[in-house]
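A short write-up of the structure that comes next.
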Amino acid sequence: MFYMLLGYYVEHRISFEWWNKYKKILVATAVICLLAGIFCMEITRQLVGEIRINQSNLFLTSFLPIPCATVYLTFKYGIVKKERKGMFQNITATLGSAVFTVMLTENLFRVTWYSNFAALEQQLGLIPASYLFTLAIFFAALLVGIALKRVPFLRKIF
């Protein structure tokens with residue numbers, strides 16, 4: 001629910017002028033949030049001795065709203081500023097409007113498909129399996145977002 005509200009606020013309440021004024025501060029804050037989340041996650045793993053990812057993700061997800069909003073605003077106003085036309089504009093509008101839906105649903109896909117990742121990791125190795133797993137989750141969550149945007153009642157929420 002939090003990301004839906006954040007998405008609504010970012011989409012409808014932040015103006016282009018505000019973004020231009022505070023863009024550098026927001027980007028710097030987003031980078032600091034990501035680094036702080038990663039740092040806290042790594043410290044937790046070292047102190048507890050826990051190597052499972054989901055046990056220390058609490059810190060990273062606590063710091064994610066600012067980077068998510070920053071990426072969305074950068075994408076949104078970058079496209080508006082460039083005034084692109086045609087198919088590229090449609091693709092970017094679709095991707096931009098589904099960003100927060102991807103954030104909402106990626107954890108569901110990641111947890112339910114984890115056994116597939118383990119099998120993929122054994123076949124391909126950690127790095128190629130991670131890339132493929134990430135792409136599969138992204139596209140699945142993106143399809144959910146696009147489908148939800150087609151439902152008239154949900155279109156206003158997402």
Side-chain angles (χ1 to χ4, degrees), residues 1-48 50 52-111 113 127 130-158:
M1 187 63 139
F2 172 75
Y3 282 104
M4 286 190 296
L5 294 173
L6 179 63
Y8 177 82
Y9 181 80
V10 167
E11 177 66 27
H12 299 289
R13 300 290 184 225
I14 294 183
S15 66
F16 189 66
E17 293 78 25
W18 186 93
W19 171 246
N20 280 332
K21 185 176 180 181
Y22 296 107
K23 172 176 33 181
K24 292 177 183 174
I25 294 170
L26 200 57
V27 169
T29 305
V31 169
I32 290 169
C33 285
L34 285 173
L35 293 175
I38 291 168
F39 178 75
C40 290
M41 215 167 67
E42 195 56 37
I43 293 295
T44 301
R45 286 183 187 166
Q46 289 175 5
L47 290 176
V48 178
E50 186 64 56
R52 290 183 296 172
I53 295 169
N54 287 334
Q55 298 299 323
S56 58
N57 264 0
L58 173 66
F59 291 107
L60 185 60
T61 56
S62 298
F63 289 102
L64 277 181
I66 292 173
C68 288
T70 303
V71 167
Y72 178 75
L73 287 168
T74 302
F75 197 80
K76 177 182 174 184
Y77 290 119
I79 298 304
V80 169
K81 186 177 179 183
K82 301 291 183 199
E83 295 182 17
R84 305 209 185 253
K85 301 271 188 241
M87 187 176 77
F88 183 76
Q89 184 179 14
N90 292 336
I91 291 170
T92 54
T94 301
L95 290 174
S97 66
V99 167
F100 287 100
T101 309
V102 170
M103 278 299 302
L104 286 170
T105 57
E106 66 83 21
N107 189 46
L108 176 67
F109 286 114
R110 187 168 26 98
V111 171
W113 291 357
I127 301 298
S130 296
Y131 283 126
L132 287 174
F133 191 62
T134 301
L135 285 173
I137 289 171
F138 172 75
F139 284 117
L142 183 63
L143 288 175
V144 168
I146 292 170
L148 289 175
K149 291 286 284 183
R150 302 287 183 226
V151 178
F153 170 71
L154 296 176
R155 185 178 307 168
K156 293 182 181 189
I157 296 173
F158 292 107

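What you are looking at is a predicted structure, and each value in this text was computed from that prediction instead of being measured.
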(message) Just verifying a value: how many Å separate Leu34 CG and Ile66 CD1, rounded to the nearest 0.5 Å?
(response)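 Between Leu34 CG and Ile66 CD1, I get 10.0 Å after rounding to 0.5 Å.
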(message) Rounded to the nearest 0.5 Å, what separates atom CZ in Phe109 from atom CZ in Phe133?
(response)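 Nearest 0.5 Å value for the CZ-CZ distance: 10.5 Å.
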(message) Are Leu26 and Lys23 packed together at the side-chain level, in the sense that at least one heavy-atom pair is separated by less than 4.5 angstrom?
(response)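 Answer no - side chains too far apart.
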(request) Decide yes or no for Val10 and Trp19: does some side-chain heavy atom of the first lie under 4.5 Å from some side-chain heavy atom of the second? (result)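 Of all side-chain heavy-atom pairs linking Trp19 with Val10, none is under 4.5 Å.
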(message) Under the rule for side chain to side chain contact (heavy atoms under 4.5 Å, CB included), what residues qualify as partners of Phe39, not counting sequence neighbours?
(response)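 With sequence neighbours excluded, Phe39 shows a side chain to side chain contact (heavy atoms under 4.5 Å, CB included) to Ile43, given in chain and number order.
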(request) Tell me, please, which residues at least two apart from Thr134 pass side chain to side chain contact (heavy atoms under 4.5 Å, CB included). (result)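 Expected list: none.
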(message) So which atom in Leu6 and which in Pro65 form the shortest heavy-atom distance, rounded to 0.1 Å?
(response)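 Residues Leu6 and Pro65, closest heavy atoms: CD2-O, 3.7 Å.
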(request) Considering non-hydrogen atoms only, spot the tightest contact between Arg110 and Ile137 and give its length. (result)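 Minimum heavy-atom contact is CA-CD1, 3.6 Å.
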(message) Checking Tyr22 now: which residues fulfil ring pair (Phe, Tyr, Trp, His ring centres under 6.0 Å) with it, not counting sequence neighbours?
(response)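 Counting only residues at least two positions away or on another chain, Tyr22 forms a ring pair (Phe, Tyr, Trp, His ring centres under 6.0 Å) with Trp18.
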(message) Against Val27, only a single residue in Leu73, Ile32, Thr70 fulfils side-chain contact (heavy atoms from CB on, under 4.5 Å); can you say which?
(response)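 So the option named by the test is Thr70.
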